[in-house]
Undergrad: 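Below is one structure. I have some questions about it.
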2 protein chains.
Amino acid sequence: MTSNTAGGPTRRERMRAETIAEIKASARSQLQEHGPSGISLRAIARDVGVTPAALYRYFDSLDALLIQLCCDFYDELIAATREAMDAAPPGAHLDRMKAWVWVFRGWAVGHRREFELMISYPEGNSAMTIDGRRAGQAAEDIDPVTQKSLEHSRLCGHELAAFWKQTEREGGGDPGGPAMPEVSDELASELLDQCAVFIVGEPVPLPWIFSFTSAWVRVFGLVVMETFGSLPVRENVDEYYKTQIMMMLRDFGFDA
Amino acid sequence: MTSNTAGGPTRRERMRAETIAEIKASARSQLQEHGPSGISLRAIARDVGVTPAALYRYFDSLDALLIQLCCDFYDELIAATREAMDAAPPGAHLDRMKAWVWVFRGWAVGHRREFELMISYPEGNSAMTIDGRRAGQAAEDIDPVTQKSLEHSRLCGHELAAFWKQTEREGGGDPGGPAMPEVSDELASELLDQCAVFIVGEPVPLPWIFSFTSAWVRVFGLVVMETFGSLPVRENVDEYYKTQIMMMLRDFGFDA
DNA sequence: ATTAATTAGCTAACGGTGTTCACTTTAATG
DNA sequence: CATTAAAGTGAACACCGTTAGCTAATTAAT
């Protein structure tokens with residue numbers, strides 16, 4: 001009964017995809033209910049209506065499943081962010097970057113446990129990894145979660161590069177660019193090197209990169225503190241964020 | 001054989017304290033080697049040379065042990081921070097706050113796994129807690145880890161209050177105080193309320209509080225990113241920090 | 001259409017975990 | 001010295017992730 005004469009997905013493939021989706025859904029619901037450490041393979045098996053051992057036909061291990069989940073979450077986050085950015089016109093770089101921050105924050109807060117898992121994954125193994133890839137391993141197979149994380153950062157980083165390109169094309173001199181303290185040559189070159197991963201496209205001048213990293217640190221701090229409940233404000237979080245974003249823009253040299 | 005005629009610690013009490021120390025030491029070494037989730041009660045029992053069940057005479061559960069560990073770590077961190085602050089003269093508030101940031105960062109980086117456990121504890125249960133205390137519970141028994149965390153924050157918060165007091169006493173008008181964007185009354189009052197937990201002592205004006213929270217968010221972001229390996233710099237971290245601190249001081253209205 | 005190969009699923013087991021309960025040994029107290 | 005409270009034991013319970021070997025079903029090839 002080969003229903004695959006047209007090259008379409010075979011029946012088993014469809015069932016397989018469906019089962020994988022069921023497994024992930026069960027895992028996610030456990031994540032939301034009991035947190036990252038409350039995800040149990042056996043509970044998933046019970047949920048899906050299958051033997052624990054059967055799950056190993058779909059994922060090499062519980063860890064592999066969690067990693068896969070993280071990647072899915074990042075895809076979700078990236079899609080949401082990208083959509084929000086594209087709602088603004090292509091040339092409105094400031095608006096687009098603001099949209100990125102805003103949706104990032106919103107997604108993280110709206111999916112706390114997912115976010116918890118996502119940032120706890122590179123973390124969990126961070127002690128034995130160097131910038132995401134285990135020491136002495138090829139750059140190809142750095143862990144996929146870090147890859148997704150970078151992809152997410154690149155959304156904003158690319159916007160920065162485009163922003164700089166626009167600024168450079170339009171204005172002579174320094175049209176309100178960010179002011180930056182003096183730094184050593186070593187720090188300067190290291191920043192340029194490290195950020196080449198996030199900020200792709202045109203080469204961006206150091207002050208821009210520096211201000212970008214500062215803003216990135218602040219956004220990260222905000223989002224992590226909020227999701228973990230240690231932000232110094234709870235009722236008027238939106239306004240607090242907006243004010244913080246305003247201050248970052250001011251650091252960047254803009255008044256809007 | 002009552003060696004307790006003088007009211008000193010009985011022999012059993014000494015043994016007990018010693019055993020508790022052994023248990024904690026074993027747990028900590030496991031934490032450092034295998035991370036927070038790699039701490040096993042049975043392994044501790046093996047290590048201490050005792051039956052797993054025996055450990056329940058010392059801690060109600062594994063969770064209780066971990067909480068106790070976190071508290072110890074906070075005490076360690078607090079002691080280190082306090083010592084560094086007191087190395088500067090009592091009136092040098094800026095230096096003392098810088099010392100706080102610096103030691104906080106140094107301790108976290110030097111004790112990554114401990115720090116991981118510490119911040120993952122309020123986190124782990126954050127979804128079901130509101131500002132550290134479970135909904136509908138007295139303020140007395142908020143979880144001890146959060147209490148310690150607040151105690152740590154208060155070190156710096158208290159310094160801010162003292163700083164403001166000094167500034168107010170000395171100068172007329174606004175002697176280089178922080179500039180702050182306009183905020184609504186609701187946000188203003190909420191900030192003042194929430195920060196009353198950190199910032200004890202004299203009532204501090206809103207712009208100071210606002211700048212303080214901004215700096216706190218940035219420091220938190222920096223430390224978390226560094227311990228988790230996502231800081232945009234790895235070789236020249238010290239200089240990067242110093243530059244960031246300089247920028248925060250500038251935000252505060254100081255040039256030093 | 002029949003056979004061969006691949007895949008999904010099962011059962012059973014291994015070694016590990018946190019936790020509890022009843023029991024014994026040990027140390028401190030009156 | 002007898003009594004009481006604490007420390008420690010051993011066995012069990014209910015979980016967990018993971019592996020190996022087997023059976024049934026689907027796909028692919030002849």
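To find a chain, count down the sequence lines: A is the first, B the second, and so on, and within it residues start at 1. What you see is a predicted model; the values in this text were computed from it and never measured.
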Undergrad: Roughly how many Å is it from NE2 in A:His34 to P in D:dC15, rounded to a whole number?
TA: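 Those two atoms, NE2 and P, are 13 Å apart.
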
Undergrad: In whole angstrom, give the distance that lies between atom CE of A:Met15 and atom C1' of C:dG9.
TA: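 Answer to the nearest Å: 12 Å.
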
Undergrad: Is any NZ, NE, NH1 or NH2 atom of the basic residue among B:Glu239 and B:Arg234 found under 4.0 Å from an Asp or Glu carboxylate oxygen of the other?
TA: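 A salt bridge is absent here (no side-chain N lies under 4.0 Å from a carboxylate O).
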
Undergrad: Roughly, in whole Å, what's the span from CG in B:Leu62 to P in C:dG18?
TA: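 Whole-Å distance recorded here is 6 Å.
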
Undergrad: Measure CG/B:Leu41 against P/C:dG18 and give the value in whole Å, please.
TA: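 Taking atom P of C:dG18 as the reference, CG of B:Leu41 is at 5 Å.
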
Undergrad: Given B:Gln244 and A:Ser214, is the side chain to side chain donor-acceptor pair (under 3.5 Å) satisfied, shown in steps?
TA: CA-CA 8 Å; B:Gln244 290 286 336; A:Ser214 303; 3.0 Å; yes

Undergrad: Would you please confirm or rule out a distance under 4.0 Å between OP1 or OP2 of C:dT6 and any side-chain N or O of A:Arg12?
TA: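 For C:dT6, OP1/OP2 do not have a side-chain N/O of A:Arg12 under 4.0 Å.
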
Undergrad: If the cut-off is 4.0 Å, is B:Ser40 near the phosphate of C:dG18, judged by side-chain N/O to OP1 or OP2?
TA: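 For C:dG18, OP1 or OP2 has a side-chain N or O of B:Ser40 closer than 4.0 Å.
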
Undergrad: Does A:Glu76 come within less than 4.0 Å of A:Arg28, counting only side-chain N to carboxylate O?
TA: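 A salt bridge is present here (some side-chain N lies under 4.0 Å from a carboxylate O).
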
Undergrad: Would one find a side-chain N or O of B:Arg46 under 4.0 angstrom from OP1 or OP2 of C:dT17?
TA: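 Looking at the OP1 and OP2 atoms of C:dT17, one of them is under 4.0 Å from a side-chain N or O of B:Arg46.
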
Undergrad: Regarding A:Ile44, tell me which of base, sugar-phosphate or nothing describes its non-hydrogen contacts under 4.0 Å with the strands shown.
TA: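 No contact at all - A:Ile44 keeps every heavy atom at 4.0 Å or more from the nucleic acid.
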
Undergrad: Can you sort out which residues in residues 51-61 of chain A have a heavy atom within less than 4.0 Å of DNA chain C? Ascending by number, please.
TA: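 When residues 51-61 of chain A is checked for heavy atoms under 4.0 Å from DNA chain C, the hits, listed by number, are A:Thr51, A:Ala53, A:Ala54, A:Arg57, A:Tyr58.
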
Undergrad: Under a 4.0 Å threshold between the charged nitrogen and the carboxylate oxygen, would B:Arg82 count as salt-bridged to B:Asp75?
TA: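 A salt bridge is absent here (no side-chain N lies under 4.0 Å from a carboxylate O).
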
Undergrad: How many Å lie between CG on A:Asp47 and P on D:dC16, as a whole number?
TA: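 Computing the A:Asp47:CG to D:dC16:P distance gives 12 Å.
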
Undergrad: Would you say the ring centers of A:Trp100 and A:Trp107 fall short of 6.0 Å from each other?
TA: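 Ring-ring flag for A:Trp100/A:Trp107: false, centres at least 6.0 Å apart.
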
Undergrad: Between A:Thr51 (side chain only) and A:Ala53 (backbone N and O only), is there a donor and an acceptor less than 3.5 Å apart?
TA: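 Checking the backbone N and O of A:Ala53 against the side chain of A:Thr51, no donor-acceptor pair under 3.5 Å is found.
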
Undergrad: Expressed in angstrom and rounded to an integer, what is the separation of B:Asp63 atom CG from C:dT19 atom P?
TA: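 In whole Å, C:dT19 P lies 8 Å from B:Asp63 CG.
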
Undergrad: Quiz question: going by heavy-atom distance under 3.5 Å, is there a donor-acceptor pair between the base of C:dG16 and the side chain of B:Arg42?
TA: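 Per atom types, no contact qualifies.
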
